[in-house]
Amino acid sequence: MVYDVSIIGSGPAGLSAAIYAKRANLSAIVIEKEYEGTGQIAESSRVDNYLGMPGISGYDLGETFREHAVKLEVEFLEQEVTRIQKEESGQFQMTFSDSSVIESKTVIYAAGASPRRADIPGEKEYVGKGVSYCAICDGSFYRGKKVAVLGGGDTALDDAGYLAGLAEQVYVIHRRKEFRGAAATVEKLREKENVTFVLEHQVKEITGEAKVTGVALEDGTAIDVDGVFVAFGSVPQTALVKDLVELDPAGYVKADETGETSLAGLYVAGDVRTKKLRQVVTAVSDGANAATAVAEYLK
Ligand code: NAP
């Protein structure tokens, strides 16, 4: 069978694309590497800016999206795509890690982004032994303990707020005085007695023995912590398409809100594409736009 559209990625962008494709009567398949919740949002402890769902956890929001797709009988396939190829016929062939293939007339690539590493000594060594990229996943291990959150964006601020409810002490270590994240969240954190801001400082090294015991700052200061949450934003997952489509200087796939890329028939949606605001709401609208553009292309 040749599908009308293969959707790679089952985060909010991919699921929204699937729902719109389904309602446009297209044969669609959603390909996901491994189901661990609905994309990056599953790792957000609290989402306060998705219209109509104030305060919902990212995991629950994602599950609501997924239930919607399942209700509309969206077809899912758990496979790792290792290659995307456009054939002479104009169709796309997706090759999986077990060497099987499927074909489709179009592709919506919605593979999202992954956490940016800090690239400092100790980081790799202590992953799973005190270094984490997901406060909601690992926060409960630090009940009554001391943790550091690295970064000054919304993820770092939200993580700090979440961890403050569990840990004895939270240090937010950020390289600048100004925050990239929401001012309202900063104000809320300032009111918390167990949150300390360490601004204009960079962590030079994560130290420890069997597990993390602290961080060393560039000015030589040492802070004792049991856990380090790196919240340095994300990098786009473009390995499968970087040789097929044009990327912008930051490495995101060049595309406007229709998701159309430099390769006819290959569309992108969500965090992987060039855009200003990477949020669930923009990912969801990207998915809708890309599926609509695909339907028009197929006509
Ligand atoms: P981000 O906005 O890119 O913030 C990354 C933070 O990490 C920045 O403060 C940056 O410092 C710092 N950083 C990056 N590399 C660093 C390095 N090598 N050394 C030191 N510091 C480093 O990423 P994000 O917080 O994950 O947010 C991504 C997007 O998702 C944003 O649009 C955000 O609004 C959205 N988001 C929203 C919510 C929510 O609304 N609840 C929650 C999470 C994320 P500088 O500031 O100095 O560059």
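Just follow the structure's listing: the first ligand is 1, and inside any ligand the first atom is 1. Here, residue 1 is the first one in the sequence, and each next residue gets the next number. Remember, predicted model here, so these are calculated numbers, not experimental data.
By the 30° and 60° cut-offs, the orientation of the rings of F65 relative to Y50 is perpendicular.
Residue contact annotation: G181 has no non-hydrogen atom under 4.0 Å from ligand 1. Residue contacts with ligand 1 include D158, since one of its heavy atoms falls under 4.0 Å from the ligand. Assignment of N49 to the shell around ligand 1 is supported, since a heavy atom sits closer than 4.0 Å.
With hydrogens left out, the protein atom closest to atom 23 (O) of ligand 1 is G233 CA, 3.2 Å, a heavy atom. Remark: minimum distance from atom 38 (C) of ligand 1 to any protein heavy atom is reached at D154 CB, 3.6 Å. For atom 10 (C) of ligand 1, the closest non-hydrogen atom on the protein side is R175 NH2, 3.9 Å. For atom 26 (O) of ligand 1, the closest non-hydrogen atom of the protein is T155 OG1, 2.6 Å. With hydrogens left out, the protein atom closest to atom 2 (O) of ligand 1 is R180 CD, 3.3 Å, a heavy atom. Nearest protein heavy-atom contact of atom 21 (N) of ligand 1 is F232 CE2, 3.3 Å. Nearest protein neighbour of atom 47 (O) of ligand 1, counting heavy atoms only, is R176 NE, 2.7 Å.
Between E32 and R66, at least one side-chain nitrogen of the basic residue sits less than 4.0 Å from a carboxylate oxygen of the acidic one, meeting the salt-bridge criterion. Ion pairing between D248 and R273 fails under the 4.0 Å rule for side-chain N and carboxylate O.
For G152, a nitrogen or oxygen atom sits less than 3.5 Å from a nitrogen or oxygen atom of ligand 1, counting backbone and side chain alike. Geometrically, ligand 1 and Q202 share a nitrogen or oxygen pair separated by less than 3.5 Å. At least one N/O-N/O distance between G153 and ligand 1 falls below 3.5 Å.
The environment of E193 atom CD is sparse: at most 12 non-hydrogen atoms of other residues, nucleotides or ligands sit within 6.0 angstrom. Counting non-hydrogen atoms of neighbouring residues, nucleotides and ligands closer than 6.0 angstrom, the CZ atom of R117 exceeds 12 such neighbours.
Contacts of H174 with ligand 1, taken as heavy-atom pairs under 4.0 Å, involve the side chain alone. Residue A231 touches ligand 1 through its backbone alone, judged by heavy-atom distances below 4.0 Å.
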- Task: Could you give me the CA-CA distance, side-chain angles and deciding distance for V280 and L61, then say whether side-chain contact (heavy atoms from CB on, under 4.5 Å) is met?
- Result: CA-CA 10 Å; V280 180; L61 182 61; 4.2 Å; yes
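Residue pairs meeting the disulfide (SG to SG under 2.5 Å) criterion with at least one partner in residues 105-136, sequence neighbours excluded, are C134-C137.
Here the shortest heavy-atom pairing between L199 and F179 reads CD2-CZ, 3.6 Å.
Within a 4.0 Å radius of atom 33 (C) of ligand 1, the protein contributes one or more non-hydrogen atoms.
Proximity to Q279 (heavy-atom distance under 4.0 Å) selects the following atoms of ligand 1: 30 (O), 32 (O), 33 (C), 34 (O), 35 (C), 36 (N), 37 (C), 40 (O). Residue R278 has at least one heavy-atom neighbour below 4.0 Å for each of these atoms of ligand 1: 29 (C), 30 (O), 32 (O), 35 (C).
Using modelled atom types, one finds no donor on one side chain facing an acceptor on the other under 3.5 Å when comparing T95 with Q85. Checking K254 against T261 by side-chain atom types alone, no donor-acceptor pair falls below 3.5 Å.
Panel note: side chain Y267, backbone V107; no donor-acceptor pair is recorded below 3.5 Å.
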